[in-house]
Student: 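Input: one structure, supplied below.
Predicted model only: the values in this text are computed from it and were never measured.
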Amino acid sequence: MDSRYLQSLIATIEHGSIAEAARVENLTAAAISQRIQALERELGFPLLLRQGHAARPTEACLYLLPRARNIVREIGLLAGDADTDGLTGTIKIGAISTAMTGMLPAVLRHLTRHAPHLKPGIVPGTSRSLYQAVLDEEIDAAILVAPAFELPKSLTAYRIKTENLILLSRHAPQADIQSTLQSKPYLRYDPTAWGGRYAEKYLKDQGLKLQAMCDLDALETIAMLVADDVGISLIPHWSGLEKLTRHCALTSISNPAYARELVLLRKTLHSRPAMLNLLAQALKIKS
């Protein structure tokens, strides 16, 4: 059994379609399909249920998925076993959207410069989904919003930075923040998102009940809508925000109670600690 075929199966399941798996794997959709069909012939049962352009695992596939992931992960570690520095192989890094553009470019440059045989794999997602991916060992580490609950002992989080809450508006406020928030349509950072709870806490503490024009868990989209003068919003001040809001007003709410904390989440025990230590170094995390 070719482990590359298992990797294609895992990619299809993780991305929800053969077409998307083909894009990630840099193969044709036909090649991905052929690999999965070969696995199905060898195993003797179907692995995917196809619905239009989407694909999801069969019940039998779900049972073998953990072992398939372990096989692919162990094979991926083989090359690194001969490297005494432990910096050869693939490291899968999850990141929320604002970290993808605001932090990862510098991180990737650092990894490339100090570990040329290290291959970073970037996995986008929400804080909630990335937390689960680290817990399930689908990725090695993730940059996400610090969870509001106590971590299990199997996970460790390292603080990266704190991002203050700001009022983002097209024009500089002519009054206090509370009055300004009631003067324009409110674009709400989804309160169910891990980072969205801080804006909700601020509004609650100020006794403000705003009718949201819409809920969004895409901070870049909120920034662009504000830049187009669609409304105003309460969002964290992430690195790179100014690139999207050159002509907007950013009014800081410096109270730490409303700031979101970004952390690097990883397994407490990892088979390649040197890789994660280098990642922490790239993020300027102090041990």
Student: For His247, does its backbone N or O pair with a side-chain atom of Arg170 as donor and acceptor, under 3.5 Å?
Tutor: yes

Student: Please find the pair of heavy atoms, one from Pro236 and one from Leu219, that lie closest to each other, and give the distance.
Tutor: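 Pro236 and Leu219 have their closest heavy atoms at CG-CD1, 3.8 Å.
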
Student: When rounded to the nearest 0.5 angstrom, what distance separates CZ in Arg35 from CG in Leu47?
Tutor: 14.5 Å

Student: Checking Asp140 side chain against Ile93 main chain: does a donor-acceptor pair fall under 3.5 Å?
Tutor: no

Student: Quick one: do Trp238 and Met103 end up in the same hydrophobic cluster if we chain Ile, Leu, Val, Met, Phe, Trp and Tyr together by side-chain heavy atoms under 4.5 Å apart?
Tutor: no

Student: Do the side chain of Thr268 and the main chain of Lys153 share a donor and acceptor less than 3.5 angstrom apart?
Tutor: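 Yes: the side chain of Thr268 pairs with the backbone of Lys153.
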
Student: So, His270 side chain and Arg272 main chain: donor-acceptor pair closer than 3.5 Å or not?
Tutor: yes

Student: For a 4.5 angstrom cut-off between non-hydrogen side-chain atoms, does Leu283 reach Tyr158?
Tutor: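 No, side chains not in contact.
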
Student: Kindly say whether Thr12 contributes a backbone atom to a donor-acceptor pair with the side chain of Glu14 at under 3.5 angstrom?
Tutor: no

Student: Determine, stepwise, if the pair Ile253 / Asn164 fulfils side chain to side chain contact (heavy atoms under 4.5 Å, CB included).
Tutor: CA-CA 7 Å; Ile253 299 170; Asn164 285 335; over 6 Å; no

Student: Got Tyr189 and Leu234 here, is their nearest side-chain heavy-atom distance under 4.5 Å?
Tutor: no

Student: How about Ile166 and Thr251: do any of their side-chain heavy atoms sit closer than 4.5 Å?
Tutor: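 No, their side chains stay 4.5 Å or more apart.
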
Student: Show the numbers, then the answer: is there a side chain to side chain contact (heavy atoms under 4.5 Å, CB included) between Leu9 and Ile13?
Tutor: CA-CA 6 Å; Leu9 173 65; Ile13 293 168; 4.0 Å; yes

Student: With the side chain counted from C-beta on, respond yes when Leu144 and Val263 share a heavy-atom pair under 4.5 Å apart, and no when they do not.
Tutor: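 Touching, per the 4.5 Å side-chain cut-off.
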
Student: Has Asp190 got a side-chain atom pairing as donor or acceptor with Thr192's backbone, closer than 3.5 angstrom?
Tutor: yes

Student: Decide if the gap between the ring center of Phe149 and the ring center of Tyr131 is smaller than 6.0 angstrom.
Tutor: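 Yes - the distance between ring centres of Phe149 and Tyr131 falls below the 6.0 Å cut-off.
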
Student: When rounded to the nearest 0.5 angstrom, what is the spacing between CG in Leu64 and CZ in Arg69?
Tutor: 10.5 Å

Student: Heavy atoms only: give me the nearest Ala175-Thr180 pair and the separation to one decimal.
Tutor: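 Reported closest heavy-atom pair: O-OG1, 3.6 Å.
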
Student: Heavy-atom distance under 4.5 Å between the side chains of Leu43 and Met1, does that happen here?
Tutor: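 Leu43 vs Met1: side chains touch.
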
Student: Go through the steps for Thr98 and Glu220 under the test side chain to side chain contact (heavy atoms under 4.5 Å, CB included), then give the verdict.
Tutor: CA-CA 7 Å; Thr98 52; Glu220 296 90 342; 4.1 Å; yes

Student: Report yes if the side chains of Glu59 and Phe45 come closer than 4.5 Å at any heavy-atom pair, otherwise no.
Tutor: no

Student: Do Asn255 side-chain atoms and Tyr258 backbone N/O form a donor-acceptor pair below 3.5 Å?
Tutor: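 No, Asn255 side chain to Tyr258 backbone: no donor-acceptor pair under 3.5 Å.
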
Student: Side-chain donor-acceptor pair under 3.5 Å between Lys243 and Thr101, yes or no?
Tutor: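 No - no donor-acceptor pair under 3.5 Å links their side chains.
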
Student: When you compare the side chains of Tyr198 and Glu261, does any donor N or O come within less than 3.5 Å of an acceptor on the partner?
Tutor: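 No pair is found: no donor N or O on one side chain lies under 3.5 Å from an acceptor on the other.
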
Student: Please say which of Val107, Ile139, Leu108 ends up in a side-chain contact (heavy atoms from CB on, under 4.5 Å) with Ile122.
Tutor: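 Answer after filtering Val107, Ile139, Leu108: Leu108.
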
Student: Has Arg197 got a side-chain atom pairing as donor or acceptor with Trp194's backbone, closer than 3.5 angstrom?
Tutor: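 The answer is yes, because a donor-acceptor pair under 3.5 Å joins these two groups.
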
Student: Are the side chains of Lys267 and Leu155 in contact, using a 4.5 Å heavy-atom criterion?
Tutor: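 A side-chain contact exists here, since the closest heavy-atom pair is under 4.5 Å.
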
Student: With distance as the sole test, does Thr245 use its side chain to make a donor-acceptor pair with the main-chain N or O of Ala223 at under 3.5 Å?
Tutor: no

Student: Is Leu167 close to Pro173 at the side-chain level, that is, under 4.5 Å between some pair of heavy atoms?
Tutor: yes

Student: Just by distance, do the side chain of Asp136 and the backbone of Glu138 share a donor-acceptor pair under 3.5 Å?
Tutor: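 Such a contact is absent between Asp136 side chain and Glu138 backbone.
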
